[in-house]
2 protein chains.
Amino acid sequence: MPSAERGESMKETFRRLEAGRQEEILKAAMREFAENGYDKASTNRIVRDAGMSKGMLYYYFENKEDLFRDCIGYALDHMEQSLESWIGTEREGFIERMARIAEAKRRYFREHPEISGFSAVILLSPNVPPSFRERLGTLMEEGKRKMFDGLDLSRFRGDLPPETLMRLVQWTFDGYAREAEEQMKAEGVNFGDLDRYWDEFGVYLDAMKTIYYRGDGS
Amino acid sequence: MPSAERGESMKETFRRLEAGRQEEILKAAMREFAENGYDKASTNRIVRDAGMSKGMLYYYFENKEDLFRDCIGYALDHMEQSLESWIGTEREGFIERMARIAEAKRRYFREHPEISGFSAVILLSPNVPPSFRERLGTLMEEGKRKMFDGLDLSRFRGDLPPETLMRLVQWTFDGYAREAEEQMKAEGVNFGDLDRYWDEFGVYLDAMKTIYYRGDGS
DNA sequence: TGGCAATTGACCACCCTGGTCAATACCAGT
DNA sequence: ACTGGTATTGACCAGGGTGGTCAATTGCCA
C-alpha cells in the first residue's frame with residue numbers, strides 16, 4: 001500500500017512540533033472550520049483558541065488554505081485508521097450490525113468531536129484537492145462495504161425483500177440519531193445524556209427485531 | 001381570539017407598500033437570515049437581492065433587528081394560517097397520517113422555501129422576543145396534537161405497544177426525509193427530483209403497513 | 001406651482017480579514 | 001561571552017465588509 005507518510009506534506013516547522021501540540025492546533029482549526037466553513041473561518045479566532053500568536057500560524061503553515069489542507073489530511077488519516085477497528089465483520093443480523101455501528105459512531109464522536117464535526121465540511125468545501133476527495137470516496141465505499149459484509153439475512157421475515165427491509169431499518173436508525181442530536185443541541189451538550197438516550201433505545205431495538213425478523217426459528 | 005392584526009407592529013412606510021412587494025422584501029431577508037444566521041446576515045446583500053437601495057431598507061425598518069422581528073412575525077402568521085389547512089384530522093392509521101403530513105410538508109417547502117428555511121433560524125437565534133417564542137411553542141404543540149388526534153390505533157399489530165411502534169414509524173419517516181434532503185442538496189436543487197424521490201417511497205410505505213399493521217382484519 | 005412621500009447611493013466610522021515583518025527571546029555549541 | 005540559528009511575538013498593513021445616515025433628487029398629486 002503506497003499510502004502517504006503521515007504529515008508528509010506539512011512544513012518542517014510544524015512537523016518539528018511535539019505531536020500533542022500539533023493536535024491541539026489542528027483541533028482548534030478544525031473546530032473553526034466546522035463552525036464557519038472555509039471562507040468565513042477566521043485565522044484570528046484559530047490562533048486565539050489554540051493559544052498562540054498570529055505569527056506562529058504563518059510560521060507553521062503557508063497560508064489559510066494550506067492549514068485547511070493539513071486539517072483534511074489529518075482527519076482522513078485518523079478516520080482511515082479508525083475505520084479498521086470499528087466493526088469486526090462478524091456474522092450477525094442487520095439490526096445488530098446497525099446497533100454496533102451506531103455505538104461505534106457515538107464513541108468516535110465523543111472521543112473526537114473535532115474530526116466528527118469537521119468531516120462534514122470536507123464534502124461541502126470547494127477547495128478540497130482531488131486526491132483528498134478520492135481518499136474520502138474510497139473511505140466511504142469501504143464503510144458501506146463493511147456495513148453489509150457477512151450479514152445473516154435469513155433472520156429477516158420472508159414476505160418482503162431484505163433490501164427493502166434494510167433501508168427501512170437504516171432510516172429508522174438515522175431518524176433516531178437525528179432526534180438524539182437535536183435533543184443534545186437543544187439542551188446542554190453534556191455527552192452523558194447522549195449515553196442515556198442510547199440506553200433508552202434498547203426497547204426499540206427489541207421491538208425492531210420482533211417486527212423485522214421472523215418469529216420462529218425456521 | 002385576541003390575535004394581533006397582521007403587520008400591526010410594522011412601520012407605516014412599509015405597510016403602505018403593495019402586499020406583493022412586501023413579500024418580496026421579506027423573502028429576500030428571510031433567505032439571507034436562513035443562510036447566515038442573524039449576526040452574519042448582511043443588510044447589503046438583502047437590499048441587493050430585493051432590488052432596492054440601502055436607504056429604502058432603513059426607510060421601511062428601524063434597523064436590522066426590527067427587520068428580523070418583522071420576518072419572524074410574517075413567518076409565524078403564515079405558518080399559523082397554513083397549519084389549519086394542513087391536515088384534516090380524519091380517522092386513519094398512523095402510517096397514512098404520517099404520509100399525508102410528509103406530503104403536506106413537501107408541498108409547503110416547495111411553495112414557501114424562504115419560510116421553511118427561515119423557521120429553523122428562529123429557534124436558534126438569541127434575539128427572538130419572548131412573545132414570538134411563545135407563539136412558536138403553541139404552534140408546535142398544536143402541530144403535535146394534530147399529528148395524533150383521531151388516529152385508528154387498532155390497525156397496529158397487537159404484540160407491541162402502539163407508542164413504541166409510532167416512534168419507530170416516525171423515526172423511519174424522519175430518516176427518509178433526511179436522506180432525501182441530503183440527496184437534493186448534493187445534486188442540483190431541482191424540486192422535481194424531490195417528487196420523484198417521494199414517488200419511490202410508495203414501495204416502502206406498503207412495506208411499513210405490512211410490517212406494522214395486523215395482517216388480518218381482526 | 002408647492003409640498004409631501006418615495007428613493008437614491010455616496011458616505012461614515014468601525015471592525016475584522018488574511019498576511020507580513022522587524023524585533024526579540026531562547027538555547028546549544030564554541 | 002559570543003555566535004547563529006530557531007521560536008515567538010504582536011504591532012501593523014491594505015482591503016473589504018459592517019450597520020446605519022442623510023442631503024439630494026425624483027415622482028406624484030392637488
Side-chain angles (χ1 to χ4, degrees), chain A residues 7 10-26 28-72 118 121 125-129, chain B residues 7 10-26 28-72 118 121 125-129:
Chain A
M10 294 170 181
K11 269 175 93 173
E12 350 142 44
T13 50
F14 185 65
R15 238 177 313 162
R16 269 200 290 269
L17 227 51
E18 180 200 4
R21 183 65 184 138
Q22 283 187 28
E23 280 189 8
E24 278 179 24
I25 292 169
L26 290 178
M30 287 192 287
R31 252 178 275 132
E32 176 69 15
F33 284 129
E35 205 163 324
N36 303 91
Y38 177 78
D39 285 323
K40 292 173 192 165
S42 157
T43 52
N44 293 316
R45 276 194 295 262
I46 292 174
V47 290
R48 199 196 311 139
D49 286 12
M52 61 178 169
S53 69
K54 194 70 177 293
M56 285 316 288
L57 185 65
Y58 289 87
Y59 182 60
Y60 293 145
F61 308 93
E62 296 291 344
N63 50 39
K64 190 182 179 182
E65 198 175 335
D66 184 38
L67 167 62
F68 186 63
R69 267 183 273 116
D70 283 351
C71 285
I72 299 178
F118 180 68
V121 176
S125 182
N127 33 4
V128 176
Chain B
M10 293 168 181
K11 268 177 93 173
E12 349 142 44
T13 51
F14 185 65
R15 236 178 313 163
R16 270 201 288 271
L17 228 50
E18 180 199 3
R21 184 66 183 137
Q22 283 188 30
E23 282 189 7
E24 279 180 24
I25 293 168
L26 290 179
M30 286 192 289
R31 250 177 276 134
E32 177 69 15
F33 283 128
E35 206 162 322
N36 303 93
Y38 177 80
D39 285 323
K40 292 172 193 164
S42 157
T43 52
N44 294 317
R45 276 193 295 262
I46 292 174
V47 287
R48 199 196 311 137
D49 285 12
M52 62 179 171
S53 69
K54 195 70 176 293
M56 285 316 289
L57 186 66
Y58 288 87
Y59 182 57
Y60 293 145
F61 308 93
E62 296 290 346
N63 50 40
K64 190 183 179 181
E65 198 175 335
D66 184 37
L67 167 63
F68 186 62
R69 270 184 271 114
D70 283 352
C71 284
I72 300 177
F118 180 67
V121 175
S125 181
N127 32 5
V128 176

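All chains are named by letter (A, B, ...) in the order of the sequence lines, taking the proteins before the strands, and each is independently numbered beginning at 1. None of the values given here were measured: they were computed from a predicted structure.
- Atom CD in B:Glu12 sits roughly 15 Å away from atom P in C:dC4 (whole-Å rounding).
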Strictly under 3.5 Å: I want the nitrogen or oxygen pairs between protein and nucleotides 16-18 of chain D, one per line.
from	atom 1	to	atom 2	distance (Å)
D:dT18	OP1	B:Ser42	OG	2.9
D:dT18	OP2	B:Ser42	OG	3.3
D:dT18	OP2	B:Asn44	ND2	3.1

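- Among residues two or more places apart in sequence or in another chain, the salt bridge (charged side-chain N to carboxylate O under 4.0 Å, His left out) test is passed with A:Arg45 by A:Glu32.
- The cationic group of A:Lys64 lies under 6.0 Å from the six-membered ring centre of A:Tyr38 and within 45° of the ring axis, placing it in a cation-pi geometry.
- Put simply, the side chain of B:Ile72 reaches to within 4.5 Å of the side chain of B:Phe118, judged on heavy atoms.
- Between the CG atom of A:Asn63 and the P atom of C:dC21 there is a distance of 14 Å, rounded to whole Å.
- Going from atom CE of B:Met52 over to atom OH of B:Tyr59 covers 13.0 Å, rounded to the nearest 0.5 Å.
- Going from atom CD1 of A:Ile46 over to atom C1' of C:dG19 covers 13 Å, rounded to whole Å.
- Between B:Met56 and B:Ile25 there is no side-chain heavy-atom pair separated by less than 4.5 Å.
- Taking atom CG of A:Leu17 as the reference point, atom P of D:dA7 lies 9 Å away to the nearest angstrom.
- Residue pairs satisfying the salt bridge (charged side-chain N to carboxylate O under 4.0 Å, His left out) criterion with at least one member in residues 49-62 of chain B, sequence neighbours excluded, are absent.
- Rounding to whole angstrom units, NZ of residue B:Lys11 and P of C:dA6 are separated by 11 Å.
- By the 4.5 Å heavy-atom criterion applied to side chains, B:Asp66 and B:Asp70 are counted as neighbours.
- Contacts between residues 49-60 of chain A and DNA chain C, defined by a heavy-atom separation under 4.0 Å, are made by A:Lys54, A:Gly55, A:Tyr58.
- Taking atom CZ of B:Phe68 as the reference point, atom C1' of D:dG19 lies 16 Å away to the nearest angstrom.
- Put simply, CG on A:Asp39 and CZ on A:Phe68 are 9.5 Å apart, with the number rounded to the nearest 0.5 Å.
- At C:dA5, none of the side-chain N or O atoms of B:Arg16 fall inside 4.0 Å of OP1 or OP2 (strictly under the cut-off).
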Point to revise | Base-contact (B) and sugar-phosphate-only (S) positions in nucleotides 24-30 of chain D, heavy-atom cut-off under 4.0 Å, - elsewhere | key: -------
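- Taking B:Glu12 as the reference, B:Arg16 meet the salt bridge (charged side-chain N to carboxylate O under 4.0 Å, His left out) condition, with sequence neighbours excluded.
- Expressed to the nearest 0.5 Å, how far CG of A:Leu26 lies from CE of A:Met10 amounts to 5.5 Å.
- Considering only heavy atoms from C-beta on, A:Ser125 stays 4.5 Å or farther from A:Phe33 through its side chain.
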